[in-house]
Amino acid sequence: MKKFLSLSLSLALVMAVSLAIPAMADKEYPADLKESDWFYAVAKEVIDKGLMIGTDKGFAGDAAITRAGVLQTLYRLEGEPAVETTSSEWYAKAVTWFAKNFEVPDVTFEEGVTSREDAMKVLKTYCGAKGLTFEGLFIGNENGDLAESKVFTRAEYAQVLLRLADEKPVYTEETVSYKVGERTVPAVVTLPTTEGPYIGVVLAHGHGGGKSEGGGFDHLAQALAAAGIASIRMDFPGCGDSSESFQANIMSNMIADTLAGAKYLTDHYSVGKDLGILGYSMGGRIASQIAGTAENPFKAMVLLSAADVAMDEGLGANIFGSMDKYNELKATAAAEGHVVFTTIYGQVQDLSKAWFEELESGEPLKDLAKFTGPVLVLHGDADEMVSDTMNKAILSAYSAAKEIVIPGADHGYGFYSDQPEVTKMVEESAAEFFTANLTAQ
């Protein structure tokens with residue numbers, strides 16, 4: 001659900017930094033622009049392109065760009081599409097357009113000046129929706145510092161805007177669905193903008209997560225597309241856009257949904273026959289259990305903190321707080337058919353009797369040992385849900401696996417927090433692995 005954007009800005013502030021002043025005709029530029037300004041050429045170019053016009057004080061390169069100003073330039077970049085609004089403020093159409101078409105980041109629009117961090121949130125949202133590469137828009141100093149907390153000047157923003165204007169889409173996305181028995185599975189297919197065939201990969205999310213995983217899977221799929229890899233990610237029962245009860249969120253259903261997603265990808269898109277799978281947390285358990293079956297279509301596998309150990313080997317205690325709590329909930333489910341549980345992340349889950357039974361009967365490590373293809377095991381050194389001991393059990397089960405330990409990564413891998421260096425390492429490691437071990441033929 002999109003957050004509401006307030007259209008109220010201080011009139012005095014708007015007059016000071018407004019982008020609504022008409023452009024100078026016949027290549028006449030604002031009088032405050034001097035050839036000695038470091039941003040002189042940049043300012044001329046954004047003015048020539050009609051992306052930034054000026055303020056009542058000239059180009060005002062050293063002044064702070066406003067949040068509304070950032071949206072106004074993006075609105076211009078899109079060709080100022082028709083928008084209905086009841087507000088007469090100069091920025092009203094831009095703000096309304098952005099709120100209508102994009103998931104609005106956590107940025108306050110009542111204040112005037114914007115920090116580099118706020119601008120990065122807005123531009124990352126815009127790039128993600130448009131299939132553009134966000135990385136590289138912002139360049140740090142000689143120490144790599146992006147100075148995210150500092151005020152963002154109009155001249156600095158003009159540089160970023162020009163880089164953005166030169167970007168070309170690297171992926172397209174399609175919202176799809178497919179049937180598994182009587183169930184409808186919602187999914188998203190992300191494709192490179194280059195001509196196929198492509199390497200194909202299935203992304204399997206974690207317990208109670210979803211095909212977006214807090215945005216982490218969205219960006220992962222987009223990073224894979226930038227590397228020429230097509231992917232499909234789906235919502236398991238009771239998660240994301242799924243209309244199913246969470247009681248249907250059992251291993252057999254999730255495995256069936258994953259296999260059906262792989263078939264949907266190969267049936268409808270130009271991808272190679274040799275598919276890959278990336279399983280995150282419980283998704284890693286799904287991938288591991290599929291690996292030991294005759295139906296396994298996957299030739300390469302990335303396990304991201306796979307929940308592959310038995311419930312009584314630490315997993316049950318980590319998920320439920322203690323094995324006593326796990327056994328208490330299991331007993332209730334056995335007696336009543338299901339039990340409601342609130343996770344440590346605040347999710348309310350209706351766990352069925354079959355959920356407990358199938359987790360305990362599954363043997364993912366034995367299934368993984370039957371796999372013959374390349375495996376990459378990614379593990380965070382701060383992950384307390386799937387501990388280092390649990391991760392080592394995976395490596396023992398499949399000694400040919402390659403391991404990459406990601407510094408500073410907890411079980412969320414930056415999917416639900418701001419750790420760009422962590423998510424980047426996940427994305428790059430996965431893309432490099434699949435590129436090296438799969439073909440598009």
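Scope of the values below: all heavy atoms of this structure, side chains included, with no hydrogens, waters or symmetry mates.
- When all heavy atoms of L220 and A430 are compared, the pair lying nearest together is CD1-CB, 4.3 Å.
- Between K130 and E78 there is a salt bridge, with a side-chain nitrogen of the basic residue lying less than 4.0 Å from a carboxylate oxygen of the acidic one.
- Under the 4.5 Å side-chain criterion, counting only non-hydrogen atoms from C-beta, L132 is not in contact with K168.
- Counted by atom type alone, Q289 and D367 present zero donor-acceptor pairs between their side chains at under 3.5 Å.
- Remark: side-chain polar atoms of D383 are not paired, donor with acceptor, to backbone N or O of D410 under 3.5 angstrom.
- Put simply, the side chain of R285 never gets that close to the backbone of G206: no donor and acceptor are under 3.5 Å apart.
- Side-chain contact between E295 and I290 is absent, with no heavy atoms from C-beta onward closer than 4.5 Å.
- Closest heavy-atom contact between P237 and S242: CA-OG, 3.5 Å.
- For F246 and W355, the ring centers sit 6.0 Å or farther from each other.
- Donor-acceptor pairing under 3.5 Å is recorded for the side chains of Y157 and T73.
- Expressed to the nearest 0.5 Å, how far CE of M301 lies from CG of L303 amounts to 6.0 Å.
- Although no hydrogens or angles enter the test, the distance criterion places a donor-acceptor pair under 3.5 Å between the side chain of Q347 and the main chain of G208.
- Proximity of the aromatic rings of F356 and Y326 is defined here by a centroid distance below 6.0 angstrom, and this criterion is met.
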Tabulate below the donor-acceptor pairs under 3.5 Å that side-chain atoms of residues 433-441 make, not counting sequence neighbours, or state none.
residue: T435; atom: OG1; partner: A431; partner atom: O; Å: 2.7
residue: N437; atom: ND2; partner: F433; partner atom: O; Å: 2.8

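- The aromatic ring centres of Y345 and Y416 sit 6.0 Å or more apart.
- For the atom pair CG of D308 and CE of M390, the computed distance is 11.0 Å after rounding to the nearest 0.5 Å.
- Although no hydrogens or angles enter the test, the distance criterion places a donor-acceptor pair under 3.5 Å between the side chain of Y413 and the main chain of G380.
- Here the shortest heavy-atom pairing between L123 and L74 reads CD2-CD2, 3.7 Å.
- The shortest non-hydrogen separation linking K211 to P186 is CD-O, 4.3 Å.
- With rounding to the nearest 0.5 angstrom, the OG atom of S252 is 10.5 Å from the CD1 atom of I286.
- Checked by atom type and distance alone, the side chain of N249 never pairs as donor or acceptor with a backbone atom of G238 at under 3.5 Å.
- In this structure, V405 and P407 approach most closely via the heavy-atom pair O-CD, 3.4 Å.
- A salt bridge (Lys or Arg N to Asp or Glu O under 4.0 Å) check over residues 253-271, counting only residues at least two apart or in different chains, returns the pairs R183-D257, K263-D267.
- Taking the side chain as every heavy atom from C-beta outward, I250 and N253 approach each other to under 4.5 Å.
- S361 contributes atom OG, which lies 6.0 Å from atom CD of E358 (distance to the nearest 0.5 angstrom).
- Atom OG1 of T423 and atom CD of E428 lie 9.5 Å apart (nearest 0.5 Å).
- Checking side-chain atoms of S387 against main-chain N and O of E384 turns up no donor-acceptor pair under 3.5 Å.
- Within the 3.5 Å criterion, the main-chain N or O of G215 finds no donor-acceptor partner in the side chain of S212.
- Side-chain atoms of E432 do not come within 3.5 Å of backbone N or O of S429 as any donor-acceptor pair.
- A 4.5 Å side-chain heavy-atom check between I344 and F320 finds every atom pair outside the cut-off.
- Relative ring orientation between F102 and W97 is described as perpendicular, the plane-to-plane angle rising above 60° on a 0-90° scale split at 30° and 60°.
- In this structure, E156 contributes its side chain and T153 its backbone to a donor-acceptor pair below 3.5 Å.
- Checking L278, V201, T258, D274 one by one against F298, the side-chain contact (heavy atoms from CB on, under 4.5 Å) holds for a single residue, T258.
- Between the side chains of H411 and S281, at least one donor N or O lies within less than 3.5 Å of an accepting N or O.
- Proximity of the aromatic rings of F98 and Y75 is defined here by a centroid distance below 6.0 angstrom, and this criterion is not met.
- Using modelled atom types, one finds no donor on one side chain facing an acceptor on the other under 3.5 Å when comparing T184 with Y178.
- The backbone N or O of F236 sits less than 3.5 Å from a side-chain atom of H205, completing a donor-acceptor pair.
- Between L77 and L51 there is a side-chain heavy-atom pair separated by less than 4.5 Å.
- A 4.5 Å side-chain heavy-atom check between E167 and F134 finds every atom pair outside the cut-off.
- N391 is not listed as a side-chain neighbour of T389, based on a closest heavy-atom distance of 4.5 Å or more.
- The residues E427 and K424 are annotated as not salt-bridged, no charged nitrogen and carboxylate oxygen being separated by less than 4.0 angstrom.
- Looking only at side-chain heavy atoms (C-beta outward), D312 and E360 stay at 4.5 Å or farther from each other.
- Taken to the nearest 0.5 Å, the NE2 atom of H219 stands 10.5 Å off from the SG atom of C127.
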